[in-house]
Amino acid sequence: SLSSKPRLPSAFSVSFRDNLRFSRSSSRPQRRFLIITASAASISSKPTVLVAEKLGEAGLTLLKEFANVDCSYSLSPEELCTKISLCDALIVRSGTKVSREVFESAGGRLKVVGRAGVGIDNVDLAAATEHGCLVVNAPTANTVAAAEHGIALLAAMARNVAQADASMKAGKWQRNKYVGVSLVGKTLAVLGFGKVGSEVARRAKGLGMHVIAHDPYASADRARAIGVELVNFEEAISTADFISLHMPLTAATNKMLNDETFAKMKKGVRIVNVARGGVIDEEALVRALDAGIVAQAALDVFTEEPPKQDSKLVQHERVTVTPHLGASTIEAQEGVAIEIAEAVVGALKGELAATAVNAPMVPAEVLTELKPYVELAEKLGRLAVQLVAGVSGVKNVKVSYASSRAPDDLDTRLLRAMITKGLIEPISSVYVNLVNADYTAKQRGLRITEERIVIDGSSECPLESIQVQIANVESKFASAISESGEIKVEGQVKDGIPHLTKVGSFQVDVSLEGSIILCRQVDQPGLIGKVGSILGQENVNVSFMSVGRIAPRKQAVMAIGVDDQPSKGSLQRIGEVPAIEEFVFLKL
C-alpha cells in the first residue's frame with residue numbers, strides 16, 4: 001500500500017540471514033535465505049502536501065486535519081522542482097505542468113499527485129508510473145458544472161448573446177444583425193460520451209435536439225437509455241448541425257478537428273468545446289470560419305492558456321469565448337476541493353483509490369468487495385517468491401482464480417497488481433505499488449498469466465481461492481513443488497482474514513498474519529508439541545498451526561503461524577528434531 005512515511009522509498013528493507021534452511025541430513029545451513037523485514041522508521045510525523053493552485057477552503061480543511069499543507073501558488077517549473085523533494089503529495093489544477101523533471105526531482109518521496117478536476121493531460125503519467133507515484137483526479141464533482149457550461153455556450157452561440165451584448169454596450173441597437181438559429185429539431189453530435197458528454201446529451205434532449213454520439217469506449221445500452229444513437233466518427237461530423245467536444249487530450253485526439261475533418265462537415269456547422277483546447281487545430285478552425293464551413297464556435301478551452309491577446313481565433317467575430325470556466329461554479333469548486341482532498345488523504349493512508357488514473361481502475365463497490373483478497377494476493381506473492389532457490393530467477397508466473405462468477409463479472413486487475421507487488425518487492429530494492437507494478441514486472445522480464453476457473457457455488461463471494469505458481473525454478477522447500485513441477489501456493493479468505501490453504505500438494509490452513517514456518521515431517525505423535533515447546537521457550541507466540549498429510553504416519557507438512565521472529569538458535573533446534581526432514585521460515 002502507499003505509505004505516508006517521509007523520505008522512505010519503501011516500507012520494507014531486504015536482508016540476508018544464514019542458518020535458516022536445513023535438511024535432515026545436515027545441521028549446517030545449505031543456502032542463504034532472504035528475509036523481508038518491516039521498516040522501523042517512524043511514522044509519527046505528518047506527511048506534507050503541496051497545493052500548487054487555489055483550492056476550496058473545505059478541501060484545505062480536510063487536508064490540514066491529516067497533513068502539513070503548503071499552499072504555494074504560481075510556482076515556476078524550477079521552483080516546483082525545488083520544493084517537490086520535501087513533499088509527499090502534490091495537488092494541482094490545469095495550470096501546473098507536472099513533468100518528468102518534477103518526478104525525478106522528488107527523489108522517490110512524492111507518492112500522490114492529485115488533479116483537482118477531470119483532465120490529466122498536464123501530468124506526465126508515464127513518468128508518474130515509472131516513479132511509483134499514484135495520480136488521482138476528481139472526475140465527478142464538476143461534471144454537472146461543465147455540462148451546464150457547454151449548454152450555456154451552445155445556446156449563447158446559437159442566439160449571438162455575447163456579440164449582441166457587446167454591441168449594446170457600445171451604444172448600438174442591431175436586431176437584424178444578430179438573428180440566431182433555433183436548437184429544436186437540430187442534430188447535435190457529442191464527441192466523447194463520458195460523464196460530461198452524457199450529461200450534455202441529456203440536457204440537449206430536453207431542448208428538443210436530436211442527439212448522436214461518437215465514443216469508441218461508450219456503452220450502447222447506456223446511450224440508448226438516454227435516447228442517444230452511437231455512430232462512427234465520420235457520420236457524426238458529417239451529419240451534425242452542432243458538435244460538442246468532450247474527449248480527453250491524448251495522442252489520438254490531438255488536433256482531431258483539423259483541415260481534413262472540417263472539410264467533411266456540413267456547411268454552417270457550429271462547434272462547442274469545453275473539453276481541451278488541443279483537440280482542435282486552432283489555425284484550421286480560423287480557416288474553416290473564414291471559409292464559411294463553420295458558422296460559429298464557442299470555446300472555453302485553448303491550446304495555450306491564456307491565449308495571446310492578438311489571437312485571431314479569440315478575436316474572431318463569430319467566436320464566443322470564456323476563460324476556462326467549465327468547472328467554475330461555487331458548488332463545483334467546493335465539490336472538487338473535497339473530492340480531491342479525500343482522494344489524496346486516502347491514498348496517503350494506503351487506501352485503495354477509486355479515482356486513480358494510472359493504476360487499475362476499479363469501481364468503488366468492487367474495491368470494497370475485493371479488499372481482503374487484495375491482502376491475500378500480495379501475501380501469496382511474497383510467500384511464493386521466498387520459496388524460490390537457485391539463480392535462474394522468476395520469469396513465469398501463473399495465477400489461477402477460482403470463482404463461481406462468470407469471467408466477465410470478476411475484475412482481477414487489482415489482484416494481479418498486488419501479486420506482482422508481492423513477487424517483486426521481497427527480492428528487489430524497488431518499491432512496488434499498484435501504480436508501477438505492471439511496468440516493473442515488464443522491466444524485469446516477469447511474465448504473469450492469469451486463469452479463471454469457474455466453480456459451482458454462490459456468486460455472493462467473488463473468489464473461492466487464489467493460486468500462484470512459479471515455473472522453471474528450484475525451491476528452498478521441496479514440498480512446495482507440485483506434481484506438475486512448479487512452486488505452488490494457494491489461499492482463501494476466511495471470515496475476512498487471508499489464509500494459506502495449500503503448499504505444493506499438501507493441504508494446510510494457517511492465517512497469513514505475522515510469519516510462517518513450514519516443516520516437512522514424518523507424521524507421528526508428539527511432533528507438534530516438540531516444535532511448540534521450542535518456540536514457547538523463547539516466548540514466540542504461535543497464532544495458528546495446521547498439518548496436511550498424505551496419510552497417517554506418512555509424510556506431512558506442518559504450517560505454523562508465529563507472531564514474532566524466532567532466533568537462529570530456535571530455528572536450528574527445530575531443524576534438529578529427528579522427524580523433521582526440511583523446513584523454511586517465511587517473513588510476511
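What's counted below: heavy atoms across the whole structure, side chains too, no hydrogens, waters or symmetry copies. Along the sequence shown, the residues carry numbers beginning at 1.
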Shortest non-hydrogen contact from [X] toward [Y]:
X      : Y      : result
Asp564 : Asn539 : OD2-O, 3.9 Å
Ala141 : Gly335 : CB-C, 3.3 Å
Glu513 : Lys379 : CA-NZ, 4.2 Å
Val92  : Ala52  : CG1-CB, 4.1 Å
Leu75  : Lys83  : CD1-CD, 4.0 Å
Val547 : Ala556 : CG1-CB, 3.8 Å

Dump the intermediate steps for side chain to side chain contact (heavy atoms under 4.5 Å, CB included) on Cys461 and Tyr373, then the final yes or no. CA-CA 11 Å; Cys461 177; Tyr373 300 94; 3.1 Å; yes
[X] side chain to [Y] backbone, donor-acceptor under 3.5 Å:
X      : Y      : answer
Gln386 : Arg382 : yes
Ser533 : Gly529 : no
Asn358 : Cys133 : yes
Asn137 : Val118 : yes
Asn122 : Lys97  : no
Arg115 : Gly119 : yes
Ser400 : Gln467 : no
Lys476 : Val388 : yes
Ser543 : Asp563 : no
Gln469 : Glu486 : no

How many angstroms lie between atom [atom1] of [X] and atom [atom2] of [Y], to the nearest 0.5 angstrom?
X      : Y      : atom1 : atom2 : value
Glu101 : Ile84  : CD    : CD1   : 13.0 Å
Leu86  : Asp70  : CG    : CG    : 9.0 Å
Ile517 : Ile534 : CD1   : CD1   : 9.5 Å
Glu581 : Ser479 : CD    : OG    : 7.5 Å
Leu134 : Leu348 : CG    : CG    : 9.5 Å
Ser482 : Glu490 : OG    : CD    : 11.0 Å

Does Glu375 come within less than 4.0 Å of Lys371, counting only side-chain N to carboxylate O?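 No.
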Could you tell me whether Glu450 and Arg416 have a side-chain N and a carboxylate O separated by less than 4.0 Å?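 Judged by the 4.0 Å cut-off on N to carboxylate O distance, Glu450 and Arg416 do form a salt bridge.
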Answer whether the closest heavy-atom distance between the side chains of [X] and [Y] falls below 4.5 Å.
X      : Y      : result
Glu339 : Pro139 : yes
Val112 : Leu90  : no
Leu62  : Val345 : no
Phe103 : Val98  : yes
Val397 : Val468 : yes
Tyr401 : Pro462 : no
Leu463 : Leu415 : yes
Ser403 : Arg452 : no

Check: Ser515/Gln565 side-chain N/O donor and acceptor closer than 3.5 Å: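 The criterion, which ignores hydrogens and geometry beyond distance, is not satisfied for Gln565 and Ser515.
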Let me see the working for Ile120 and Val113 under side chain to side chain contact (heavy atoms under 4.5 Å, CB included), right down to the final yes or no. CA-CA 10 Å; Ile120 39 81; Val113 171; over 6 Å; no
Before giving the answer on side chain to side chain contact (heavy atoms under 4.5 Å, CB included), spell out for Lys395 and Asn472 the whole-Å C-alpha distance, their side-chain angles and the decisive distance to 0.1 Å. CA-CA 8 Å; Lys395 296 297 180 184; Asn472 305 317; over 6 Å; no
Mark yes when over 12 heavy atoms from residues, nucleotides or ligands other than [X] sit less than 6.0 Å from its [atom1]; otherwise mark no.
X      : atom1 : answer
Gln537 : CD    : yes
Lys494 : NZ    : yes
Arg447 : CZ    : no

Which is it for Gln492 and Glu464 under the side chain to side chain contact (heavy atoms under 4.5 Å, CB included) test, yes or no, and what are the steps along the way? CA-CA 6 Å; Gln492 296 178 315; Glu464 175 65 24; 2.8 Å; yes
